[in-house]
Number of protein chains: 4
Amino acid sequence: MALADPQDTARRRAPRVDAIRNREAIVEAAAEVLAEQGTAVDVREIARRGGVGMGTLYRHFPKKEDLVRTVLHQDFTRWADSARRAAADAEDPWAALTDFYEQALAGYARHRAIMENFELTWAEPDLDGIRQLRLVIDELCARAGAAGLLRPGVTTDDLLLLLVSLGHAVRITDDCRPRMWTRLLHISLDGLRPDHRGPLPDGTAPVGRTPEAPESPPSH
Amino acid sequence: MALADPQDTARRRAPRVDAIRNREAIVEAAAEVLAEQGTAVDVREIARRGGVGMGTLYRHFPKKEDLVRTVLHQDFTRWADSARRAAADAEDPWAALTDFYEQALAGYARHRAIMENFELTWAEPDLDGIRQLRLVIDELCARAGAAGLLRPGVTTDDLLLLLVSLGHAVRITDDCRPRMWTRLLHISLDGLRPDHRGPLPDGTAPVGRTPEAPESPPSH
Amino acid sequence: MALADPQDTARRRAPRVDAIRNREAIVEAAAEVLAEQGTAVDVREIARRGGVGMGTLYRHFPKKEDLVRTVLHQDFTRWADSARRAAADAEDPWAALTDFYEQALAGYARHRAIMENFELTWAEPDLDGIRQLRLVIDELCARAGAAGLLRPGVTTDDLLLLLVSLGHAVRITDDCRPRMWTRLLHISLDGLRPDHRGPLPDGTAPVGRTPEAPESPPSH
Amino acid sequence: MALADPQDTARRRAPRVDAIRNREAIVEAAAEVLAEQGTAVDVREIARRGGVGMGTLYRHFPKKEDLVRTVLHQDFTRWADSARRAAADAEDPWAALTDFYEQALAGYARHRAIMENFELTWAEPDLDGIRQLRLVIDELCARAGAAGLLRPGVTTDDLLLLLVSLGHAVRITDDCRPRMWTRLLHISLDGLRPDHRGPLPDGTAPVGRTPEAPESPPSH
DNA sequence: CATGAATGAGGTTTCATTCAT
DNA sequence: TATGAATGAAACCTCATTCAT
């Protein structure tokens, strides 16, 4: 049995060695290109970089979106995994949280496709890869909250939105002012500290002072 | 010279007047469309709404980007103007600052093209319209700082980046969770308060705890 | 007024001269190609024969189907018109009917796209061009029936189906046995003569002798 | 020879037996799919339903057309056989003929590929399967003719073309007006009756009244 | 000078056929 | 020998930009 198995699987798997290599090459190439250029890339560019023909690509991923989803799922998952590990290593819940942001922003904020699709978190909340990341944040939030290190009322959604928001900041400043975003992160994290006991708005009322004549956007 | 010119053009009244009207119609239509749909919009849609032909549009703006820049310049300028007025009306420097954010985010964050192109603030810092907005923020920053209402070390750039960053948050949550962003604004503004005396990073060193193995993004 | 009009229209129409010429060239090329090859043709072939670029074609006809419909409408209409004229010229109702079939089959049965789309007569009965043709047949049917020259119970639908059916016969024999179909037409028309008083089935019951074990098609 | 061969292959059992089984599986699957969807079907669908790989399929049938021909040959043959049997059972020559049409149209007219390729009867007259069907019709024709039940001059080709022609009628009406075609069959069969003594055209001259200006098709 | 028609490269997807395993 | 992955030429359609009128 133990002997037969390798052969048996070999028989079945023989043709697949190439396919698997190709699939991986495609996914890898796509991950590269999607990170660099976002989801608007030409599928041919992916095929070219993966060293495969269009047909091969479309055999593995019948629609461009399938490929994009696969890559995003993979990258989100990797991200979530490494974040989980880092959280486990952290000294205290607050350090876990700050490390998470630092590493997320230093690492994944350049991934155009990830950042592009992060916004779907609210519009289409169950994109599978994002869910995993949300779980990580959920836990970070709970731990810091339980330890009394987090401003009361802060939710996972708040932390997630902060992440996306800062991710955008990273992307737009990264070329010219490489770590300028760390200042913003610092500020935001301080705003999350528990010594701010002022209640957060419920997401329905305006913040700060209500403007009497809420300056409207250009009339167009 | 200064005398002859107006007369000369006045004599052939039609061209200049029409041209100006057309130019304005184009810019107005473009402002509308760019606010709604962002820079990816079809140029023909702009020409159609402006009631002019493609040729006219391209005579005034040889490249799509020229038109986009013009519109953004205008809209940034208008924004800066209204923000300046609002700042003058505010009771105190802190209220001026919070009002500015609230109104900016409630109003201009829906302007797709503005938000899309805000990122050029750092990549291409002299987009003229943005400079004006920056001046307004500069003043808000200075006033709040002088009144001791702002955390030490906060710069105009920080406030600008916060604006862009929150603008992104608005855009991605606006459809599903209309005012969720107010919570993030609250948090960030609290982080800007002067009771946070911890120094901000200089934009070169990592924030929080230095990660020993700064988890890198996917190797691509 | 009479003077102004030409100028006025000229002002508006000037640019269109080309467009109209192109549109006509496209339709003409499409008519050719569709007649020859049916609706499966490559759009580029049409553009090439029309001497225009793809963009021009798609400006006039945003979808391939729009172009196909336009051509079919035009060709069906022409057909219906000429058939109406021919019917008016015919000596008697029977001659009108036989002439119609003869001419239809000699002329339009080679038009692949027309024949392809004829089958939609029942599936999608209101394709506009076909309706006109149906009216012609309706009249032929009524006249012949009123003159007692047509077998009782024959309907427009019967005549239309006969036309499509024989059209198919024409297409498949045309290359090798050019006018073989005339024999079938002869036979069918004789079957339509009023001396056949046997009632036609109502389109629900089997014809001839009911097969005890109605030989089924291959079990697949 | 007859003895050695089976033994020889039996010794290396796998190749021949498998090959035959595969070939049959392919043909069967193809018959199914071709009947359902016509010749435009994707080859992979056939391989999938047959449970074989593309390579196997292409080993047996180097071109898609080879497979199509094989299937059509088989299906035509089966059809011819069952038709022959039915003809033998029929009470009289006329019943044999009408039964043949009724059954053919009720059964095989839904076989998309058969109907599609029936047209090759004249273009490529020696497709072997069709020849067999032709023989059946030949006999039906001869028997009915000999019994004086058929209009003089009617040929096997006429009957064959009628079959194809009505088959087309079946296909295009089957979905919406399931048995409408029986009326057309009735009419055509009546036109074949011997009381129509009018000579049939020889397939070269126009039928009915000669149109003075034989309305030509669109000038293309 | 205004018009809007024309251009054609470029994007995604399908499928008959070949070829490495 | 069987497998099914790989190939790549089309096919349809869009849109920034140019050019004849």
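Note on naming: letters A, B, ... go to the chains in the order of the sequence lines (proteins, then strands), and numbering restarts at 1 for each one. As the structure is a prediction and not an experimental result, all values here were calculated from the model.
Look at CD1 on A:Ile26: it is 9 Å from P on F:dT7, rounded to the nearest Å.
When A:Arg110, A:Glu116, A:Arg112 are each tested for a side chain to side chain contact (heavy atoms under 4.5 Å, CB included) with A:Arg171, only one passes: A:Arg112. Applying side chain to side chain contact (heavy atoms under 4.5 Å, CB included) to A:His73 and the options A:Asp75, A:Val71, A:Thr77 leaves one that passes, A:Thr77.
In the set E:dT14, E:dA20, F:dT18, E:dA20 carries the atom at the smallest distance from any side-chain atom of A:Asp18. For D:Met54, whose side chain is taken as the heavy atoms from C-beta onward, the closest listed nucleotide among F:dA5, E:dT12, F:dT14 is F:dA5.
At least one side-chain nitrogen or oxygen of A:Tyr58 sits closer than 4.0 Å to the OP1 or OP2 atom of E:dT13. Applying the 4.0 Å criterion to OP1 and OP2 of E:dC1, one finds that B:Arg59 has every side-chain N and O outside that range. Proximity of B:Asn22 to the phosphate of E:dA2: a side-chain N or O atom is located under 4.0 Å from OP1 or OP2.
Nearer the 5' end of DNA chain F, as judged by each residue's closest nucleotide, is the contact made by A:Val52, out of A:Val52 and B:Val43. Two residues, C:Lys63 and D:Thr56, neighbour DNA chain F, and the one matched to the more 5' nucleotide by heavy-atom proximity is D:Thr56.
Residue C:Arg49 places its CZ atom among more than 12 non-hydrogen atoms of other residues, nucleotides or ligands, all under 6.0 Å distant.
Remark: F:dT18 base-pairs with E:dA5. Criterion, Watson-Crick or G-U wobble with two distances under 3.5 Å.
Residues B:Met54 and B:Arg44 are in side-chain contact: their nearest non-hydrogen atoms beyond the backbone lie under 4.5 Å apart.
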